[in-house]
Amino acid sequence: MEKLHALVAQLQAVMANRDVALYNHDFLRTWDKTPNEISAVMLVNMILQEMYKLNISAKVFNGGLAVSNFRDKSTRTRFSFAFACDMLGLSVADMDETKSQISHGETVRETAAMISFLTQAIGIRDDIFLGEGHRYQKEVSDTVAQAFHEGVLPQIPAVVNLQCDEDHPTQAMADMSHLIEHFGGVENLRGKKLVMSWAYSPSYGKPLSVPQGVIGLMSRFGMNIVLAHPEGYDLLPEIVDIARKNSVASGGSFAISNNMSEAFVGADVVYPKSWAPIPIMQERCRLLHAGKGSGPEMAALEKRGLEESARFVDWQCTAEKMAVTKAGSALYMHCLPADITGVNCRTGEVSQDVFERYRIQTYKEAGHKPYVIAAMILLSRFPDAAGTLRKAIERNTPRMLL
């Protein structure tokens with residue numbers, strides 16, 4: 001309990017800063033949040049993890065609804081959102097747009113307001129359409145805030161980005177939580193070399209938001225970031241600029257390499273992950289909007305994308321590449337599911353031996369996400385998050401009867 005009370009005291013001190021304004025605000029992109037706001041999410045995440053270990057219930061809601069809207073497939077994030085909501089005392093309603101009035105022309109503004117009357121949180125994944133996902137989430141967030149101020153809604157639901165076209169903040173912050181745990185404190189991230197690398201995949205259309213989220217967040221903590229990718233696989237330039245500026249401000253460094261093997265040299269952390277070229281994603285969006293998602297034009301685009309990536313089939317995380325990392329034992333990270341050579345594909349992002357060596361670590365990495373999501377919701381819905389958590393700890397209701 002001593003550790004728990006110390007963490008709550010730290011949270012209270014962070015929340016006292018004037019640049020912390022998380023109550024009644026959304027969580028869409030990490031780079032829109034101040035360093036103290038990021039620290040607050042990390043601290044609540046740590047408090048909730050400790051409460052779970054100590055069998056203390058974190059149900060700060062006595063019932064209530066959370067709405068999830070997954071406009072793309074999901075396993076880890078879908079269940080992490082459900083875990084997070086249940087942890088706080090909320091039930092989840094999963095919105096299926098095919099069963100709504102959206103197909104009859106209902107606007108985003110109307111839908112957002114109608115699903116929010118008694119809703120405490122809304123989680124949205126919208127990562128398919130480059131240039132549109134964040135904009136959609138922002139419209140939902142602006143709508144529910146406006147509806148509250150106009151007297152339509154009794155509260156402003158916490159709108160949480162469960163992945164868009166620009167950022168994947170719940171993944172990036174779960175990754176950060178994993179790094180803090182692995183290296184023994186956030187202060188120990190300073191000076192560590194992290195390689196965010198493109199890796200070959202037999203699928204062609206993976207979003208850019210995971211690598212963008214990683215460089216956008218980790219660059220704020222004094223890490224030496226290397227973004228590695230073949231020519232033509234650039235990330236969005238405005239987000240690369242954010243990471244570069246973050247690195248300067250935090251005392252770290254930021255570099256781009258077009259050689260995966262060279263980038264791995266001396267790395268403390270490697271994150272090999274496939275993503276699609278921006279022109280391919282843009283063309284894919286155009287075809288989907290035109291209703292050609294399963295026609296010959298889409299098939300031709302997929303063929304072109306696969307032919308392009310096949311030129312870089314050697315961009316795979318192998319034992320040979322891991323051997324040149326720091327002491328040959330850099331931490332391997334992945335958002336999962338990874339494309340594992342000889343397991344779920346012929347040739348993929350990572351060799352079977354490397355993945356198996358780090359498999360448990362990647363599962364632990366994923367295990368931080370429910371707590372991160374719960375932290376975002378709690379901070380958005382309670383004006384005194386530290387006080388609320390202190391009451392839950394003092395109440396000391398068992399999470400389960402042992």
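Annotation for M281 and I128: closest pair CE-O, 4.1 Å, computed over non-hydrogen atoms. In terms of heavy-atom proximity, S100 sits nearest to E97 at OG-O, 2.9 Å. Of all heavy-atom pairs between T143 and A112, the closest is CG2-CB, 3.8 Å. Across every non-hydrogen atom of V372 and V41, the tightest pair is O-CG1, 4.3 Å. Across all their heavy atoms, A66 and L90 have their closest contact at CB-CD1, 4.3 Å. Closest approach of R284 and M298 over heavy atoms only: O-CE, 3.9 Å.
Looking only at side-chain heavy atoms (C-beta outward), Y332 and P272 come within less than 4.5 Å of each other. Annotation: side chain of V226 is not in contact with side chain of L194 (no heavy-atom distance under 4.5 Å). Side-chain contact between H149 and I156 is present, with at least one heavy-atom pair separated by less than 4.5 Å. Considering only heavy atoms from C-beta on, N161 stays 4.5 Å or farther from R125 through its side chain. The shortest side-chain heavy-atom distance between V67 and D94 does not fall under the 4.5 Å cut-off. Taking the side chain as every heavy atom from C-beta outward, M87 and L48 approach each other to under 4.5 Å. Two residues are said to be in side-chain contact when any heavy atoms from C-beta on lie closer than 4.5 Å; M95 and S68 fail this criterion. Put simply, the side chain of Y271 does not reach to within 4.5 Å of the side chain of V195, judged on heavy atoms.
Contact check on D126 versus R71 returns a salt bridge, with a Lys/Arg side-chain nitrogen under 4.0 Å from an Asp/Glu carboxylate oxygen. Between D241 and K245 there is no salt bridge, since no side-chain nitrogen of the basic residue lies less than 4.0 Å from a carboxylate oxygen of the acidic one. Between E297 and R286, at least one side-chain N (NZ, or NE/NH1/NH2) sits under 4.0 Å from a carboxylate O, which counts as a salt bridge. For E139 and R109, the salt-bridge test fails: no basic side-chain N is under 4.0 Å from an acidic carboxylate O. In summary, R190 and E187 do not engage in a salt bridge, as defined by a charged side-chain N under 4.0 Å from a carboxylate O. In this structure, D339 pairs ionically with K206, as a charged nitrogen and a carboxylate oxygen lie closer than 4.0 Å. Checked for salt-bridge contact, E307 and R304 miss the test: no charged N lies under 4.0 Å from a carboxylate O. A salt bridge does not link D268 to K193: none of the charged nitrogens lies less than 4.0 Å from a carboxylate oxygen.
No side-chain donor-acceptor contact under 3.5 Å links Y136 and D165. No side-chain donor-acceptor contact under 3.5 Å links N259 and S257. Counted by atom type alone, D127 and S209 present zero donor-acceptor pairs between their side chains at under 3.5 Å. Checking Q316 against T341 by side-chain atom types alone, a donor-acceptor pair falls below 3.5 Å. In the model, K369 has a side-chain atom that pairs as donor or acceptor with a side-chain atom of T77 under 3.5 Å. For the 3.5 Å distance criterion, the side chains of Q49 and H368 qualify, holding a donor opposite an acceptor. For the residue pair H178 / Q361, a side-chain donor-acceptor distance below 3.5 Å is found, with atom types taken as modelled. At a cut-off of 3.5 Å, with distance as the only test, a side-chain donor of S351 or D353 sits close to an acceptor on the other residue. The closest side-chain donor-acceptor pair between Q171 and D175 falls under 3.5 angstrom. Counting only N and O atoms by type, the side chains of Q352 and E356 include no donor and acceptor under 3.5 Å apart.
When atom types are taken as modelled, the side chain of K364 and the backbone of R359 share no donor-acceptor pair closer than 3.5 angstrom. In this structure, the side chain of R135 engages the main chain of G131 through a donor-acceptor pair within 3.5 Å. Checking side-chain atoms of D86 against main-chain N and O of A82 turns up no donor-acceptor pair under 3.5 Å. Within the 3.5 Å criterion, the main-chain N or O of D384 finds a donor-acceptor partner in the side chain of T388. Between the S309 side chain and the L306 main chain, a donor and an acceptor come within less than 3.5 Å of each other. Under a 3.5 Å cut-off, the side chain of Q155 and the backbone N or O of T119 do form a donor-acceptor pair. A donor-acceptor pair under 3.5 Å links the side-chain atoms of W275 to the main chain of Y233, judged by distance alone. When atom types are taken as modelled, the side chain of E37 and the backbone of A21 share a donor-acceptor pair closer than 3.5 angstrom. The main-chain N or O of G184 is found under 3.5 Å from a side-chain atom of N188 such that the two form a donor-acceptor pair. Of the possible polar contacts, one joining the Q137 side chain to the I124 backbone as a donor-acceptor pair under 3.5 Å is found.
The CG atom of L378 lies 11.5 Å from the CG atom of N45; values are rounded to the nearest 0.5 Å. Note that the CZ atom of F148 and the CG atom of L153 stand 9.0 Å from one another [nearest 0.5 Å]. Between the CD atom in E302 and the CD1 atom in I280 there is a gap of 10.5 Å [rounded to 0.5 Å]. Distance check: D26 CG to I122 CD1 gives 10.5 Å after rounding to the nearest 0.5 Å. Rounding to the nearest 0.5 Å gives a distance of 12.0 Å between CG of L179 and CE of M173. Note: I393 CD1 to I56 CD1 = 6.0 Å, rounded to the nearest 0.5 Å.
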Q. Should D72 and Q163 be marked as a side chain to side chain donor-acceptor pair (under 3.5 Å) after you check the CA-CA gap, both sets of side-chain angles, and the distance that decides it?
A. CA-CA 9 Å; D72 195 7; Q163 190 175 11; over 6 Å; no

(Q) Under the criterion side chain to side chain contact (heavy atoms under 4.5 Å, CB included), I'd like the reasoning laid out for V269 against F183: C-alpha separation, chi angles, the key distance, then a yes or no. (A) CA-CA 11 Å; V269 184; F183 289 112; 3.7 Å; yes

Q: Take T34 and N36, measure what side chain to side chain donor-acceptor pair (under 3.5 Å) needs, and give me the verdict at the end.
A: CA-CA 5 Å; T34 68; N36 280 321; 5.4 Å; no

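Geometrically, R78 engages F70 in a cation-pi contact, judged by NZ or CZ lying under 6.0 Å from the ring centre and within 45° of the ring axis. A cation-pi arrangement is not found for R381 relative to Y23, the charged atom failing to lie both closer than 6.0 Å to the ring centre and inside a 45° cone about the ring normal.
The neighbour count for L402 CG, taken as heavy atoms of other residues, nucleotides or ligands under 6.0 Å away, is above 12. Within a 6.0 Å radius of CG in L118, no more than 12 heavy atoms belonging to other residues, nucleotides or ligands are found. Atom NE2 of H134 sits in a crowded spot, with more than 12 heavy atoms from other residues, nucleotides or ligands closer than 6.0 Å. In K326, the NZ atom is not crowded: 12 or fewer heavy atoms of neighbouring residues, nucleotides or ligands sit closer than 6.0 Å.
H334 pairs with exactly one of K273, E365, E349 by the side-chain hydrogen bond (donor to acceptor under 3.5 Å, both in side chains) rule, that one being E349. Under the side-chain contact (heavy atoms from CB on, under 4.5 Å) test applied with F254, the options V248, N246, N224, I225 reduce to a single match, I225.
Ring-plane geometry between W315 and W198 is classed as perpendicular, the angle between the planes exceeding 60 degrees on a 0 to 90 degree scale with a lower cut at 30. By the 30° and 60° cut-offs, the orientation of the rings of F382 relative to F61 is tilted.
Aromatic rings from H229 and F312 are positioned such that their centres are separated by 6.0 Å or more.
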